[in-house]
Structure formats: structure tokens, C-alpha cells
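These notes are about the structure you will find just below.
Atoms within a ligand are numbered from 1 in the order they appear, just like the ligands themselves. Only heavy atoms go into these numbers, but all of them, side chains included; no hydrogens, no water, no symmetry mates.
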Amino acid sequence: MIDTDLYRDHLAVLDRHLTYSLERAAAAGLKLDGVLFHSGRLEYFHADDQMVPFRPTPHFLRWVPENGPESMVLARPGRKPLVVRVRPKDYWYDMSAPELSFWETAVDLKEAVSFEDGLKAIGDLTNIAWIGGCKAASEAAGVPADLYEPDRLMAPMDWHRGYKSEYEIQQIRQAAVLSAAGHEAARATFLAGGSEREIHWAYLEGADHLEFQVPYETIVALNPKGAILHYQHKRGNEAAPGKALLIDAGAASDGYAADITRTWCAPDADPVFVEMVRQVDTIERKLVDMVTTGRPYGEIHAASHRFIAEILADAGIVKGSADEALEKGITRAFYPHGVGHHLGLQVHDVGGHQEGPDGGKVAPPEEHPALRTTRPLHNGHVVTIEPGIYFIDMLLEPVRNGADAALVDWAEVDRLSDHGGIRIEDNIVCTPDGPRDLTRDLIEGP
Ligand code: GLY
Ligand code: MN
Ligand code: MN
């Protein structure tokens with residue numbers, strides 16, 4: 001349960017991470033006394049008085065789940081965080097503070113009515129670095145340019161975001177509970193013949209989210225649109241009912257995201273496709289079992305390609321052996337994304353390619369440029385596992401016209417391609433006792 005005690009434990013973890021990060025920065029020649037986290041600044045559409053939807057800076061949200069712009073946290077090792085909540089006086093918008101929440105008694109909380117007022121409440125910023133995405137705000141606060149998000153500090157801070165406290169895991173689980181309710185509603189609407197729009201609306205209602213509250217735009221794709229990895233439109237009745245639905249939709253809890261995908265088939269879906277969906281679900285669970293401490297995440301990605309090759313061969317889409325399809329890179333045309341990514345305050349959380357706490361980069365393999373994490377897994381890491389198979393013309397055409405064309409049954413590809421694609425995605429914590437799936441028990445597979 002998310003309560004003040006759990007949040008206090010989280011603050012203790014953050015204090016350790018902060019202390020360590022400042023030590024790393026000092027070892028690299030940057031001596032600091034603390035960090036000011038700024039929630040960010042409102043932006044407006046061009047020549048308009050309407051605001052771009054606001055999202056607080058993730059590093060800020062990690063300290064305090066406060067949603068407004070211009071708010072600040074001053075974090076110094078061994079001291080209670082000083083939170084300045086900025087709420088301008090206004091009668092156009094509701095600026096009243098929310099009801100007392102679990103976090104407010106665990107920090108030193110001050111209220112302010114403007115950014116400038118907030119800076120006064122914060123006090124002296126000597127030797128304090130600024131993290132907050134808006135450089136102009138740091139300049140207005142008089143912070144030297146070299147203390148704005150310095151690399152020597154950002155590297156260890158980003159690195160530690162990979163290690164989730166129990167509070168963060170509970171937040172992701174809470175987001176998953178909401179998302180799963182949305183997925184159930186979406187599935188029912190699909191099976192009742194609903195359109196992409198109707199499925200999207202059912203999802204939002206089930207997840208109890210407004211449009212701007214979901215952590216990423218829902219992907220609600222019927223039939224061939226399932227082959228567009230981040231399909232963004234929502235078609236109406238002209239494209240309903242569907243034979244297959246790929247829905248990739250998340251939810252948020254105090255800024256933490258869940259990221260779940262399911263693929264559902266209607267009774268008139270092709271039986272070969274239905275069986276492929278079932279098999280992708282089976283191999284997804286095997287890949288989830290690989291989320292264990294010390295394992296390079298790339299190993300799970302490599303295993304996912306072996307499994308996908310076997311499914312393609314089993315379905316008769318690939319002629320000959322799965323090994324040959326794998327060796328010739330055929331699976332990459334059917335499955336062009338990575339097997340998953342770190343998950344947290346950002347859906348694609350930071351640090352996936354980081355070599356270590358001091359920075360550096362481990363690039364993904366040349367043949368798999370879309371792999372979003374190359375880090376070995378550790379206890380507390382939360383990642384998604386999301387293998388898929390898609391019929392993407394743009395990627396299949398070069399194979400069809402290339403030297404290995406005979407390895408694929410193109411008649412079968414053409415017959416199935418109006419079903420779009422398959423993806424199954426769950427959210428997993430790496431623990432000393434093995435993988436802990438935060439989503440699977442909430443929303444069943446196909
Ligand atoms: N929802 C985007 C992704 O699964 O990575
Ligand atoms: Mn994902
Ligand atoms: Mn997703």
C-alpha cells in the first residue's frame with residue numbers, strides 16, 4: 001500500500017542515491033552541496049493563450065508527486081527535502097492545493113504563489129546544481145550555466161533511476177491495476193464490434209483516465225493498422241468491426257507508468273493468425289522468465305528472435321528451418337523493435353544504453369538498432385517484455401525482392417497481412433527471487 005511510511009523509505013533510498021551521485025560528481029571535479037529539482041515551466045501554443053499539456057520533469061517527480069509547473073525540491077544529503085509548491089493566485093483556473101496526501105508530512109513543505117516567490121522560499125542556491133528541463137528558469141534563478149544539468153551529475157542520477165524502490169514498484173503496480181481495467185473494457189468493446197474510437201473511449205473509461213493523463217497515446221489498431229508500431233489514429237465505424245485488435249495502452253499513478261499490450265482475435269480471424277497470437281503469448285512468458293539478476297538484457301532480445309523464427313516457421317510463413325530464417329535476418333523484417341525497455345517515470349525510461357554510473361554508452365547491436373536497453377539486469381530494475389510479429393510492407397518488400405525471397409511463403413504473408421500484427425507486453429520487476437510480473441495476473445493473455 002502506498003502510504004507515508006513507504007514514501008519515507010523511498011526518500012531514504014533517494015538520499016543514498018543523491019549522496020552517491022554527488023560523490024561521483026565530486027570525484028569528476030564538480031563539488032556540489034545539493035540539487036534543485038524544478039518541475040518545469042508551462043509552454044503555450046503559438047500566439048495562443050492555450051497551454052501545451054504539462055508534465056513535470058521526471059527527476060522532480062521522483063522526489064515528490066506534485067503536478068504543477070514551477071514547483072521545486074531542494075535535496076541535500078542527510079536532510080529532509082524542502083518542497084516549494086507553487087500555486088499562483090488565479091480565477092481562470094483552479095489552483096487550490098489538493099487534499100493532504102501521503103507525501104506532504106514526510107517533507108518540509110512551503111507554499112508559494114510564483115516562481116520568484118518560490119525561489120525566495122528555497123533560499124541560497126550556492127553550489128546547488130539545477131535539474132529541470134528549463135534552462136531559462138535556472139538562469140533566472142542565477143544558477144551558473146555549468147551547474148545546469150551537468151553531465152557529471154546527470155549520469156549517476158539517470159543510472160539510479162533504473163533501480164526502483166518498493167514505493168516506485170507499488171506505483172507502477174497501481175498504474176497496472178488501472179490499465180488492466182481499461183484493457184478489459186477495451187477487449188469487450190472490440191468483441192462487441194466496436195470501432196477504434198469506441199475501443200479507445202472504453203479503455204479510458206475503464207482505466208479511469210482522461211486523454212491527457214495516459215502516459216503515452218493509446219495505440220488502438222484494428223486489422224492492418226496493427227502493423228504500424230505506434231499507430232496514432234482512431235478510426236470510426238468505417239473501419240469496424242475488426243478481425244484483430246492490437247491495443248498498446250498504459251496508465252499512470254503519481255507519474256509512474258504501466259505499459260501493457262494485448263492482441264485479441266474476433267471469431268472470424270484466420271486460424272493461423274489466432275495460433276500465432278497464442279504462440280507469441282507463450283514465448284512472451286518464457287522471455288519474462290529470463291528477467292533475472294545479472295543477465296544482459298540483450299540476451300532476452302536475442303532469445304526473442306529465436307522464438308519468433310520458430311513461430312514463423314511453424315506457421316509456414318518461413319519455409320525451411322527457423323535457424324536459417326534467423327541467420328539470414330528474416331525475423332528482423334517481421335519483428336523490427338526491441339524486446340522491451342526500462343519502465344518508470346518515463347515509458348521508455350532513461351539509462352537503457354548507459355554503460356555505468358559515470359556515463360558511457362553501450363550501443364545496441366548494429367542489426368538491432370531499436371533495442372532500447374543494453375544494460376545487465378539488476379534487482380529493482382523494471383522492464384517491459386514485448387515480443388511481436390507484424391506484416392509491414394515497407395520492411396517485407398526488400399526481402400520479397402532480395403536474394404532470400406524463397407525463404408518466405410509470400411502467398412501466406414499476403415493472406416494474413418490484413419490482420420496487421422501481434423504484440424504481447426507485460427511489465428516485470430527483476431528481484432533476487434526471480435522475475436515478478438506486475439501485470440500478467442491483472443489481464444489475461446489471449
Ligand atoms: N507503448 C510503447 C512501447 O511499448 O514501447
Ligand atoms: Mn513498451
Ligand atoms: Mn507498449
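- Where the criterion is an N or O separation shorter than 3.5 Å, residue side chain and backbone included, Glu425 meets it with respect to ligand 1.
- Residue Asp259 approaches the Mn ion (ligand 3) most closely through its N/O/S atom OD1.
- Under 4.0 Å is where a charged nitrogen must lie from a carboxylate oxygen, and between Arg332 and Glu367 no such pair does.
- The contact set between ligand 1 and His341, taken as ligand atoms under 4.0 Å from a residue heavy atom, comprises 3 (C), 4 (O), 5 (O).
- For Glu386, the nearest N, O or S atom to the Mn ion (ligand 2) falls under 2.8 Å.
- Between Arg262 and Leu245 the shortest side-chain heavy-atom distance does not fall below 4.5 Å.
- Relative to the ring axis of Tyr390, Arg423 does not place its NZ or CZ within 45° and under 6.0 Å from the centre.
- Every atom of ligand 1 is numbered from 1 in the order shown, and the set under 4.0 Å from a heavy atom of His230 is 2 (C).
- Geometric assessment of Arg375 against the ring of Trp159 yields a positive cation-pi assignment under the 6.0 Å and 45° thresholds.
- Here the protein heavy atom with the shortest distance to atom 4 (O) of ligand 1 is Glu386 OE1, 3.0 Å.
- Coordination check, His348 versus the Mn ion (ligand 2): failed, since every N/O/S atom of the residue sits at 2.8 Å or beyond.
- The name of the N, O or S atom in Glu425 nearest to the Mn ion (ligand 3) is OE1.
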**Study point:** Derivation of the salt bridge (Lys or Arg N to Asp or Glu O under 4.0 Å) call for Lys328 and Glu324
**Key:** CA-CA 6 Å; Lys328 295 274 169 65; Glu324 191 176 13; 3.5 Å; yes

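- Using a 4.0 Å cut-off between charged side-chain N and carboxylate O, Asp349 and Arg372 make no salt bridge.
- Looking at His348 next to ligand 1, an N or O pair under 3.5 Å apart turns up.
- A salt bridge links Arg285 to Asp281: at least one charged side-chain nitrogen sits closer than 4.0 Å to a carboxylate oxygen.
- Per-residue contacts place Asp248 under 4.0 angstrom from the following atoms of ligand 1 (heavy atoms of the residue considered): 1 (N), 2 (C), 3 (C), 4 (O).
- When ring centroids are compared, Tyr163 and His381 come within the 6.0 Å threshold.
- The shortest N or O to N or O distance between Arg372 and ligand 1 is not under 3.5 Å.
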